[in-house]
Amino acid sequence: MLKQLRNYLITGLIALLPLIATIYIILTVINTVDSIFSPLVKVLVGKEVYGLGFILTFLIILGVGIVAKNMLGKKLIDFGESILGRIPLVRNIYTTIRQIINSLFLQNKTAFRKVVLIEYPRKGIYQLGFLTCEGIGEVQEKTAKEVVNIFIPTTPNPTSGMLILVPREEVTYLDMSVEEGLKLIVSGGTLAPRESIKEDKHGN
């Protein structure tokens, strides 16, 4: 009974953690902006403006997005990232978060083409991977079978992993999108693609 209760609690925590983390980050940003600008606005207008933090956060994010879209903005962002890249601890944290975000949200710019399933490191053990390229050049010339390049990411950081070359006939191509595959890996297998969730609900 206690073991089942513990499993329910762990499952509930895993299901709620992404939502809680998202809400916490958003509220932290809004409260930070509000605490910085509210005193100034109160002095200017003579009263406290409710919802100011949310409005300013929205405007700041929108402004950064507009700036980042033009050439000057991109240069400024690149300059800021080059400065962060020189700070040892900050560099590692920022780079990792940046790579994860790019992998999750910039799907069209990713090198991952398809989500695949392969038996690795031995028969009967399955790994989720991403097709990155067809086997070309010297590698293909010196292999008896036609191979494809598969990147196998690690959990929960999909930006690290290993590259393996697999014979084409041993690769199973999945229907899930690259974004769904990345989410599945980042979540440790708890965030299943929509199709699988629908099938489970109908008992299929």
Side-chain angles (χ1 to χ4, degrees), residues 5-112 128 130 153-161 176-194 196-197:
L5 180 61
R6 184 190 65 181
N7 291 336
Y8 285 147
L9 288 172
I10 293 175
T11 303
L13 179 62
I14 292 174
L16 288 174
L17 193 56
L19 177 62
I20 294 172
T22 301
I23 294 174
Y24 175 78
I25 292 172
I26 292 174
L27 290 179
T28 299
V29 172
I30 292 175
N31 289 334
T32 301
V33 173
D34 190 61
S35 65
I36 293 173
F37 291 98
S38 284
L40 178 61
V41 173
K42 190 173 183 180
V43 171
L44 294 175
V45 301
K47 63 178 181 179
E48 187 174 351
V49 179
Y50 294 100
L52 179 66
F54 174 80
I55 296 171
L56 289 177
T57 300
F58 174 80
L59 293 176
I60 290 172
I61 295 174
L62 180 63
V64 171
I66 293 172
V67 171
K69 280 293 185 179
N70 61 61
M71 188 61 64
L72 178 60
K74 290 179 180 179
K75 290 183 179 179
L76 289 174
I77 292 175
D78 291 340
F79 177 72
E81 289 183 341
S82 67
I83 294 177
L84 292 175
R86 297 172 187 172
I87 306 174
L89 181 60
V90 175
R91 174 184 60 204
N92 296 335
I93 297 174
Y94 178 81
T95 301
T96 300
I97 295 175
R98 179 74 172 177
Q99 289 175 339
I100 292 174
I101 291 174
N102 287 344
S103 298
L104 287 174
F105 297 104
L106 301 182
Q107 181 176 343
N108 292 334
K109 296 183 180 180
T110 182
F112 302 155
L128 197 70
F130 298 96
T154 56
T155 299
N157 180 9
T159 61
S160 64
M176 72 175 72
S177 66
V178 171
E179 182 180 0
E180 289 173 331
L182 286 167
K183 288 180 180 178
L184 183 63
I185 291 168
V186 171
S187 67
T190 61
L191 189 58
R194 292 186 299 274
S196 298
I197 295 175

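Just so we're clear, the structure is a prediction, and the values are computed from it rather than from any experiment.
Residues Asp34 and Pro39 share a closest heavy-atom pair of O-CD, 4.1 Å. The shortest heavy-atom contact between Ile30 and Thr57 is CA-OG1, 3.5 Å. Nearest approach of Phe130 to Pro153, heavy atoms of both residues: CE1-CG, 3.6 Å.
Note that CZ of Phe54 and CG of Asn31 are 13.0 Å apart. Values are rounded to the nearest 0.5 Å. Within the model, atoms CG of Leu59 and CD1 of Ile66 stand 9.5 Å from one another, a figure rounded to the nearest 0.5 Å. The distance from atom CD1 of Ile60 to atom CD1 of Ile55, rounded to the nearest 0.5 Å, is 12.0 Å.
Looking at Ser38, its side chain never comes within 3.5 Å of a backbone N or O of Ser35 through a donor-acceptor pair. Between the side chain of Thr155 and the backbone N or O of Ile185, at least one donor-acceptor pair lies under 3.5 Å.
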